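Every chain is numbered from 1, with letters handed out A, B, ... down the list of sequences. Computed from a prediction, not measured in an experiment: that's the story for all the values here.
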Amino acid sequence: MNWMNTIAILLVAFLAVFLESYFRGLRNLIGAQIDLLPALVVYASLSANISTVALIATLGGLWFDSLSTNPLGISVLPLFVIGLVVHYCRDLIMREQLYAQFMLGLAASAVAPLFTVLSLIGTGDEPLLGWCSLWQWLVMALGGAAFTPVCFYLFDRFDRAFSYQAQPETSFRPDREIKRDRGRHIDY
Amino acid sequence: MLRRQYYMTVGLVLLLVLVVLNLPEQTAGKLKLALGGLFLPLFALAGSAQNLAEQTGNTLAPRSALLQQIDELRKENQRLHEQLAQAQEASRENAQLRRALGWQQRVPWSLKPSRVVGQDPANWWRTIMIDVGLRDKIRPNMTVLTSEGLVGRVTDVGFDRSRVVLVGDPNCRFSAQVQEPRDQSVVAKGIISPSASSLDRLLVDLVYVPGGSLLKPGQPVLTSGDGGIFQKGITVGQIVDVRTNDHGLNLEARVKLAVNLNRLEQVWVMLQ
């Protein structure tokens, strides 16, 4: 993963926060807004180093909170914890598998709002919670899960487009080459 | 080496979060507005695109439809003129009676129109962003309404935009009164608070209504003026159903809001 991809993820995170604030259609239709940041953090954790994960969690969380009534910085920690755990277990995760991407997205999108709401309650805020919150939680988890494979597909394509292509492997090895010539010339 | 990088990153993020969360309220507010300001070009761009689409739609509207609309507006204008004349007469009479009784004169509302530019991306808050701020003399706790009724109150004010907490948010509880539609008499008073059990954003609860109050579905609910934030008599909605609470000590009613909060495009901020 190169720096272009990091910038691309940051840009998408910025746009995602804007779209979540600007478009009200989904919330009016199904009663909940989908959060795309956990899916982006999952992708970054499996594709980039820990500093990039921290950058995306921090900036994404701060941008989200700046457009929300949340206290500034409250969304950073849930996103970063998700990124940290996924990054730590990255060797055990089959990143190419669609199923794995979906399940990771589901878990991340379910854990992030839960952790944020718990943090809000811990800081003395009083978020709007009730039976309808369960429905909103389900929508957020499923929406984030559905977006995660899309995220992997798009960013992997972007990464391929802007990075050096891998040298195709051939069976040729210079050290095993048989030098052909006319052989030793013997004068009789 | 990798483990060290982990520890350093975790430490830095934790430190940053702790610092930001413990900032003084005013500084945090300013930082929030500054960060939110990064989105302003996008909001402006989206608004311009929407206006352009509307204008394009208007140019494509057939002439006959426009003429029909003009005709309807002309009729409505005439009807409103008649209502205004009656209202002016009633207002004069009201002012005379107030003078006679020595009551304080009613101050006319001064309204500032504004456009809704965004909403809270989190599902657990009900707030919107409007495109007026300090430069338009907007201050915290000003009332926000539409022609249908109450929308909410201003909470945070930036230079050119403000956050409005909507009716139904946990941070927008206020006193309201139920009126009898026939004689406008006050039936009961209660507190408007969010209805967390319903997915419908247009339903709120009227709680702490004294038991024995004669609440009925269809009765209008208005602001009571208690609490000093909202003026008396702004329409909130109407009662949908009533249930008893605390062994009959209190009544609770579900109230359908008069304003469709899902379709807010333009609102007015009450400056006085």
Side-chain angles (χ1 to χ4, degrees), chain A residues 14-24 27-28 30-35 49-51 53-55 57-59 61-77 80-81 84 87-88 113 116-117 119-120 123 125-133 135-137 139-140, chain B residues 2 5-6 8-10 12-14 16-23 25 27-29 31-39 42-43 46-47 50 116-129 155-156 163 165 168-171 194-201 260-264:
Chain A
F14 186 74
L15 280 175
V17 173
F18 164 72
L19 292 177
E20 283 168 36
S21 177
Y22 186 74
F23 285 108
R24 283 171 276 174
R27 186 176 287 190
N28 293 343
I30 54 175
Q33 183 67 279
I34 293 168
D35 187 7
N49 56 16
I50 192 69
S51 313
V53 176
L55 190 71
T58 308
L59 285 178
L62 287 175
W63 286 333
F64 187 90
D65 292 339
S66 72
L67 293 183
S68 167
T69 312
N70 287 345
L72 194 66
I74 204 102
S75 308
V76 175
L77 217 51
F80 181 63
V81 168
L84 193 71
H87 192 270
Y88 193 76
T116 310
V117 167
S119 309
L120 282 169
T123 53
D125 283 292
E126 198 189 343
L128 185 61
L129 295 175
W131 289 110
C132 67
S133 306
W135 165 251
Q136 291 175 334
W137 190 44
V139 170
M140 286 174 88
Chain B
L2 192 69
Q5 196 189 2
Y6 257 85
M8 276 182 64
T9 315
V10 171
L12 274 173
V13 173
L14 276 177
L16 182 90
V17 170
L18 281 174
V19 167
V20 171
L21 279 175
N22 287 302
L23 282 174
E25 204 174 325
T27 317
L31 188 60
K32 209 170 176 175
L33 283 168
L35 280 169
L38 295 173
F39 292 92
L42 283 180
F43 280 119
Q50 201 177 347
V116 178
V117 290
Q119 66 164 10
D120 204 313
N123 285 309
W124 41 86
W125 304 118
R126 287 180 186 173
T127 60
I128 53 167
M129 203 89 82
T155 49
D156 304 318
R163 188 185 306 283
V165 57
D169 186 272
N171 296 319
S195 173
S197 57
S198 171
L199 269 178
D200 190 350
R201 280 158 57 96
N260 187 351
L261 299 179
N262 300 328
R263 300 264 180 272
L264 282 177

Among A/G61, A/A54, A/P127, who wins on heavy-atom pairs under 4.5 Å with chain B? A/P127

Report which part of A/T116 has an atom under 4.5 Å of a heavy atom belonging to chain B: side chain, backbone, both, or neither. side chain

Just verifying a value: how many Å separate A/S75 OG and A/N70 CG, rounded to the nearest 0.5 Å? 4.5 Å

Less than 4.5 Å to any heavy atom of chain A: does that hold for the side chain of B/V165, its backbone, both, or neither? neither

Region of A/F14 in contact with chain B, defined by heavy-atom distances below 4.5 Å: both

Under the criterion side chain to side chain donor-acceptor pair (under 3.5 Å), I'd like the reasoning laid out for B/N171 against B/W125: C-alpha separation, chi angles, the key distance, then a yes or no. CA-CA 9 Å; B/N171 296 319; B/W125 304 118; over 6 Å; no

With a 6.0 Å cut-off on ring centres, are B/F39 and A/Y22 close enough? no

Taking every heavy-atom pair that is under 4.5 Å apart, which of A/M140, A/E20, A/E126 has the most such pairs with chain B? A/E126

Name the member of B/A28, B/A46, B/G36, B/G118 that forms the most heavy-atom pairs with chain A at distances under 4.5 Å. B/A46

Contacting region of A/F80 [heavy-atom separation from chain B under 4.5 Å]: side chain

With a 4.5 angstrom heavy-atom cut-off, is it the side chain or the backbone of B/L35 that approaches chain A, or both, or neither? both

CG of A/N28 to CD of A/Q33, rounded to nearest 0.5 Å, is 9.5 Å

Return the option, out of A/V117, A/D35, A/D125, with the maximum number of heavy-atom pairs under 4.5 Å with chain B. A/V117

From the list B/L42, B/V116, B/L14, B/L21, the residue making the most non-hydrogen contacts under 4.5 Å with chain A is B/L42

Do the side chain of A/W63 and the main chain of A/L15 share a donor and acceptor less than 3.5 angstrom apart? no

B/D156 side chain vs B/G29 backbone, donor-acceptor pair below 3.5 Å: no

Rounded to the nearest 0.5 angstrom, the CG-OG1 distance for B/N22 and A/T123 is 10.5 Å

At a heavy-atom distance under 4.5 Å, which candidate from B/D169, B/N123, B/N262 has the highest pair count against chain A? B/N123

When rounded to the nearest 0.5 angstrom, what is the spacing between CE in B/M129 and CZ in B/R163? 4.5 Å

Which bit of A/I74 is near chain B, if near means a heavy-atom gap under 4.5 Å: side chain, backbone, both or neither? both

Measure from the side-chain N and O atoms of A/S68 to the backbone N and O of A/F64, and report whether any donor-acceptor pair falls under 3.5 Å. no

Quick one: which of B/L38, B/L12, B/T127 has the most heavy-atom pairs under 4.5 Å with chain A, could you say? B/L38

